[in-house]
Number of protein chains: 2
Amino acid sequence: MNPYEYIKNEIVTGRLQPGQRLTEEGHAGELQVSRTPIREAFKQLEADGLIIPYKRRGYIVREFSVEDIRQIYNLRALLESHGASEAALYRTDEELVRMHERNQAYEEAIRKLKKSDISTIKDIQQENLNFHEEIFKSTKNEHLRSHISKVVVVPLVFRSFYWYNERQLLRSLEVHNTILKAIENREPERAKIAMQEHIYQGRDDVLIQLNNPNIELWKGEAQ
Amino acid sequence: MNPYEYIKNEIVTGRLQPGQRLTEEGHAGELQVSRTPIREAFKQLEADGLIIPYKRRGYIVREFSVEDIRQIYNLRALLESHGASEAALYRTDEELVRMHERNQAYEEAIRKLKKSDISTIKDIQQENLNFHEEIFKSTKNEHLRSHISKVVVVPLVFRSFYWYNERQLLRSLEVHNTILKAIENREPERAKIAMQEHIYQGRDDVLIQLNNPNIELWKGEAQ
DNA sequence: ATTTAACTTATTGTATACAATATAAAGAAG
DNA sequence: CTTCTTTATATTGTATACAATAAGTTAAAT
């Protein structure tokens, strides 16, 4: 794992909390490499919007306000729904098969939820990402993909108990099927709207929990 | 001018042509700095999508296919139209005044076109960018802005004779006014559609010229 | 006690040397 | 003349040393 992935993982898993400072030498020591590769990683993470410069002394892990989350999810809805509609137009039959496979893997991951541990949740998240990825591949639109990949990272920091709620997961599975059907039938408008609704639902689940101080979010390995 | 801006300028003005190779030492020598800052600039330009790695030996300036241009303009239409609709919702009166000022500056730049030289064209382009920028500021959506800034760079490489055609310029000025009116009247849907049409018009002007081998594009200072 | 000044330190920015390695060139073999 | 093997070279990747400087700290002055 290169320094960029390593630090990104630290942030996404919550081992590095928002507001925490990052120095080149600190991470160089931790990863047993020189400052040069760490510098490079920091620059990339800054471009991702995950860390921000902190008064000319390195960086701090970015904090996301409720408004940030709202804006990022809205952008995601805009971009991914556009992607879904293009997928409906340009998908091949082989790609459609792969989408079905991905969604099936997602369903299986959900079925295993009963024996619930953190690694199962990670599996579910990963399979969900895989399904979405498969859709954007079929658009043959590399530019769209690069923009989507940027808005997908941030929500990962906020992993709510959404992923623990089987009813919500099964509902999202159903929407996946609606999207798939629309792509299969080459109905771009329907695919677009279904995807939009899908993302908005995820957004609202996260926002409700952020606004409810009684329910804790799952930020990080511990707790 | 730092290395990043310097090289970016070389690309956008066409002094560095698509396909041309870039090496760290080459530019370090040219700019009289060490490889370190050049490396950093290259990484940023790669993130911008303006250069791409070339078999582990530095980079080459990216070539954009007609399909690339189409996809990027479509993304721009998607993002900027969304921006325009948010501007209609969230703009303040002060911001509206500034938008009018920017558009007036754009109009004045167009009026000066008769004494046409390259620097006048650059002025027009800049004032046009300023107008669009002013709209996105009023959305208070920093995430949207960062995505838009990425799709705006690439089309600059393809500066067609669009900017020489006074009739087309005056038409774009009229669309600006339509967008402005919608933002003024807080009509998000109308602002969105007008902006969408505006970008599509720009896209088609560029695509027509790319498909017409008789008309040369203006790529670079010379010619 | 509060402000200003001087000093110290942490930390990045840049240059440079050397290591690693993919590519290109040259040479050898069939 | 083509293909494989070896060698050389260009070029990046990484480490490290030093320079620049902002931030923090102490001391002095009002």
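Order of the sequence lines fixes the chain letters, A, B, ..., with proteins taken first and strands second; residue numbering starts at 1 for each chain. Everything numeric in this text was worked out from a predicted model, so none of it was measured.
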Task: Phosphate OP1/OP2 of C/dA15: any B/Ser34 side-chain N/O under 4.0 Å - done: yes

Open item on the list: With a 4.0 Å limit, can you tell me whether A/Arg21 has a side-chain N or O closer than that to the phosphate oxygens OP1/OP2 of C/dT11?
Closed with: yes

Task: Among B/Tyr59, B/Tyr54, B/Tyr4, the one residue meeting ring pair (Phe, Tyr, Trp, His ring centres under 6.0 Å) with B/Phe42 - done: B/Tyr59

[X] [atom1] to [N] [atom2], straight-line distance once rounded to whole Å:
| X | N | atom1 | atom2 | result |
| --- | --- | --- | --- | --- |
| A/Arg56 | D/dA23 | CZ | P | 8 Å |
| B/Leu31 | C/dT14 | CG | C1' | 14 Å |
| A/Lys55 | C/dT11 | NZ | C1' | 13 Å |
| A/Arg35 | C/dA10 | CZ | C1' | 11 Å |
| A/Tyr54 | D/dA23 | OH | P | 9 Å |
| A/Glu24 | D/dA17 | CD | P | 16 Å |
| B/Gln32 | C/dT16 | CD | C1' | 15 Å |
| A/Arg57 | C/dG13 | CZ | C1' | 14 Å |

TODO: Looking at every strand, decide which applies to A/Thr36 at a 4.0 Å heavy-atom threshold: base, sugar-phosphate, or nothing.
DONE: base

Open item on the list: So if I take every side-chain heavy atom of B/Glu25 and compare against D/dT12, C/dT16, D/dT16, which nucleotide ends up nearest?
Closed with: D/dT12

Task: Pair B/Glu133 + B/Arg145: basic N to acidic O under 4.0 Å - done: yes

Open item on the list: Looking at A/Glu101 and A/Arg98, is any side-chain nitrogen of the basic one under 4.0 Å from a carboxylate oxygen of the acidic one?
Closed with: no

